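This report refers to the structure that appears directly beneath it.
Order of the sequence lines fixes the chain letters, A, B, ..., with proteins taken first and strands second; residue numbering starts at 1 for each chain. This structure is a prediction, so every number in the text was calculated from the model and none was measured.
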2 protein chains.
Amino acid sequence: MKSQYIPKATIQRLALYVQVLEEFKRDGVEIVSSERLANSCSVNPSQIRKDLAYFGEFGVRGVGYYVNDLIDSVKRSLGIDRVWKAVLVGVGNLGRALLNHNEFKRRGFHIVAAFDCDPFKIGEEVSGLEVMCSKRLREFSQDIEIGIITTPPDRAQRAANHLIDAGIAGILNFAPTRITAPDNVFVEYVDFFHHIYSLAFNITLSQNKESGN
Amino acid sequence: MKSQYIPKATIQRLALYVQVLEEFKRDGVEIVSSERLANSCSVNPSQIRKDLAYFGEFGVRGVGYYVNDLIDSVKRSLGIDRVWKAVLVGVGNLGRALLNHNEFKRRGFHIVAAFDCDPFKIGEEVSGLEVMCSKRLREFSQDIEIGIITTPPDRAQRAANHLIDAGIAGILNFAPTRITAPDNVFVEYVDFFHHIYSLAFNITLSQNKESGN
DNA sequence: CGTTGTGAAGAGCTTCACAGCG
DNA sequence: CGCTGTGAAGCTCTTCACAACG
């Protein structure tokens with residue numbers, strides 16, 4: 001198959017598969033069937049086989065998938081089989097928490113610099129990095145691929161502009177606001193309020209259903 | 001229209017509309033057309049009109065939508081026109097950052113208690129709340145609707161079990177692992193690594209496209 | 001024999017196009 | 001006249017069902 005167009009939803013699931021497969025690996029599981037993996041991910045087994053088929057034939061008919069090999073294959077498919085260099089803009093509560101979060105390094109995303117425009121924060125050391133003025137971002141042009149925005153919403157676009165000037169390839173935006181970027185810069189939004197709103201909606205709906213009887 | 005079944009994707013977009021509409025309001029915009037709102041949200045205008053139609057007729061033909069009224073209507077539709085009581089389990093870096101994050105209160109989600117199973121953390125005060133042993137969660141049964149999990153992955157299921165025992169209605173899970181819960185408990189996952197993986201994939205793909213010519 | 005890989009069918013979501021209405 | 005609300009068309013993604021094959 002090895003098709004060219006891959007659904008966005010497939011990519012999100014692949015990230016989930018990696019997570020679940022790494023738990024299987026930790027537990028000493030060596031082989032999984034699409035059915036077993038599907039149960040752990042709450043998706044349909046065919047879905048998994050189709051998702052994987054976009055990238056190659058990773059399984060063995062009559063047997064299943066070798067967990068270690070499949071982890072490597074999926075990581076390679078996603079492009080996370082190497083180190084990515086990132087910078088963070090906005091050293092507030094959330095920014096600090098992320099800088100101290102070892103998981104980034106463990107998963108191959110190395111945060112190599114931290115920026116903020118608050119003069120009181122500049123020069124401070126957070127998690128081994130000296131906080132620098134956002135205007136110095138351009139000096140890092142050669143070095144960086146992903147920018148992480150953790151500023152307040154009203155400064156997010158300015159942070160994005162600095163990152164774009166520095167030639168960033170992708171932006172992970174934690175600020176609760178839309179940002180605009182040229183087409184060749186990918187933007188992903190992380191906003192847990194959208195998730196909590198979704199909870200509120202579903203709970204409300206189920207409560208109405210109960211009392212509506 | 002006021003249909004009964006509402007696509008999951010619609011709910012996610014409604015959360016986005018609220019965000020963008022509140023920015024319009026801040027900027028003094030009083031009326032928006034579906035087209036203008038659509039541009040700001042990067043969606044199709046018909047999509048917006050259809051999404052809203054699931055809940056009622058909020059617009060004025062020939063005019064558009066009154067921003068203030070629409071914010072209220074969408075919030076009411078989502079069930080976020082009232083206060084929700086929440087608790088947080090896992091007072092690590094991320095947990096602390098969330099407890100200090102005023103945005104929760106501002107949006108009507110009041111975190112009324114914080115729990116952790118580490119004896120060194122119990123009794124500590126974080127953002128005005130005394131950290132309590134997770135086993136005491138049941139004492140809050142009457143009072144809580146949403147549980148926020150910010151434990152390490154290996155303790156997430158235990159945290160979830162405590163929350164479920166306490167009769168929680170929904171769980172927002174920040175731990176990078178799946179958790180199981182009965183059908184009447186809604187679970188939402190927040191995992192920014194899925195987003196960063198998605199960036200890595202798209203960047204890799206576009207780079208391959210360039211060099212592949 | 002059992003599980004993958006995949007074309008075809010089905011479901012669900014998005015967009016179109018225009019009637020309805022202020 | 002202009003913009004909303006909506007049935008119908010179009011499209012994408014998911015699921016089924018089974019051939020392929022180790």
Item checked: Aromatic plane relationship, B:Tyr197 with B:His194 - under 30° parallel, 30 to 60° tilted, over 60° perpendicular -> parallel

Check: B:Asp69 has an atom CG; how far is it from atom P of D:dT4, in whole Å?
Finding: 14 Å

Note to self: Rounding to an integer number of Å, can you tell me how far A:Gln12 CD sits from D:dT12 P?
What the structure shows: 18 Å

Check: Of A:Val43, A:Asn44, A:Asn39, which is the lone residue that meets side chain to side chain contact (heavy atoms under 4.5 Å, CB included) with A:Cys41?
Finding: A:Val43

Check: How does each nucleotide of nucleotides 12-22 of chain C score, in 5' to 3' order, for protein heavy atoms under 4.0 Å: base (B), sugar-phosphate only (S), or none (-)?
Finding: -SSBBB--BBB

Next item on the list: Could you list the residues that satisfy ring-ring contact (aromatic ring centres under 6.0 Å, His included) with B:Tyr17, not counting sequence neighbours?
Entry: none

Note to self: Under a 4.0 Å threshold between the charged nitrogen and the carboxylate oxygen, would B:Lys25 count as salt-bridged to B:Glu22?
What the structure shows: no

Item checked: A:Tyr66 vs C:dT4: side-chain N/O to OP1/OP2 distance below 4.0 Å -> no

Notebook entry, point to check: A:Ile48 has an atom CD1; how far is it from atom P of C:dT4, in whole Å?
Noted result: 9 Å

Next item on the list: Mind calculating the distance between CG (B:Leu52) and C1' (D:dT6) to the nearest angstrom?
Entry: 13 Å

Notebook entry, point to check: Would a line drawn from the ring center of B:Phe192 to the ring center of A:Phe192 be shorter than 6.0 Å?
Noted result: no

Margin query: For A:Phe58 together with A:Tyr66, are the ring centres under 6.0 Å from each other?
Written below: no

Check: OP1, OP2 of D:dC3 versus side-chain N and O of B:Ser33: anything below 4.0 Å?
Finding: no

